[in-house]
Amino acid sequence: MCRIFAEQPPESYACETRSLRIGGHCTSLRLEAAFWTILEEIARQENLSVAKFATKLHDEVLERQGEVRNFASLLRCCCLTYLAQQGEAGRSSRPALMAAE
């Protein structure tokens, strides 16, 4: 069972630190390369840079919750939510394909 997880390339889970300006403040975020790749995809779909997407997300969370705790974890969870939504979109189209078979 773990083979699918164990065989992934180490580059995908190597940590990368990137400097971003969020809310006018320079900060560094350390995430695994795979998360940066997903964040780049999300930002591209929103026609934003990763920094602008992160700023927009930070501002919206701040507005809704009054504070932003553990922003790096929030970004990781955003990636998981995005992937789950992508999977759901694929599953919702599958029954129609299966019925056609």
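For the numbers below, each heavy atom of this structure counts, side chains included, while hydrogens, waters and symmetry mates do not. Only a predicted model underlies this, so the values are computations on that prediction, with no experimental measurement involved.
Nearest heavy-atom pair across Leu20 and Ala54 is CD1-CB, 4.2 Å. Nearest approach of Ala72 to Arg30, heavy atoms of both residues: CB-O, 4.4 Å. When every heavy atom of Ile42 is checked against every heavy atom of Cys78, the shortest pair comes out as CD1-O, 4.4 Å. Here the closest non-hydrogen pair linking Glu32 and Tyr13 is CG-O, 3.6 Å. Across all non-hydrogen atoms, the minimal contact from Ser28 to Ser19 is OG-OG, 3.5 Å.
Gln85 contributes no side-chain N or O that, together with a main-chain N or O of Tyr82, makes up a donor-acceptor pair within less than 3.5 Å. Within the 3.5 Å criterion, the main-chain N or O of Ala33 finds a donor-acceptor partner in the side chain of Thr37. The backbone N or O of Arg21 lies less than 3.5 Å from a partner atom in the side chain of Thr55, making a donor-acceptor pair.
For Glu40 and Arg18, the salt-bridge test passes: some basic side-chain N is under 4.0 Å from an acidic carboxylate O. Residues Lys52 and Glu46 are not paired through a salt bridge, judged by the lack of any N-O separation under 4.0 Å between the basic side chain and the carboxylate.
Residues Leu75 and Leu57 form a side-chain contact, since some pair of their non-hydrogen atoms from C-beta on lies under 4.5 Å apart. With contacts defined as side-chain heavy-atom distances shorter than 4.5 Å, the pair Glu16/Leu31 does not qualify.
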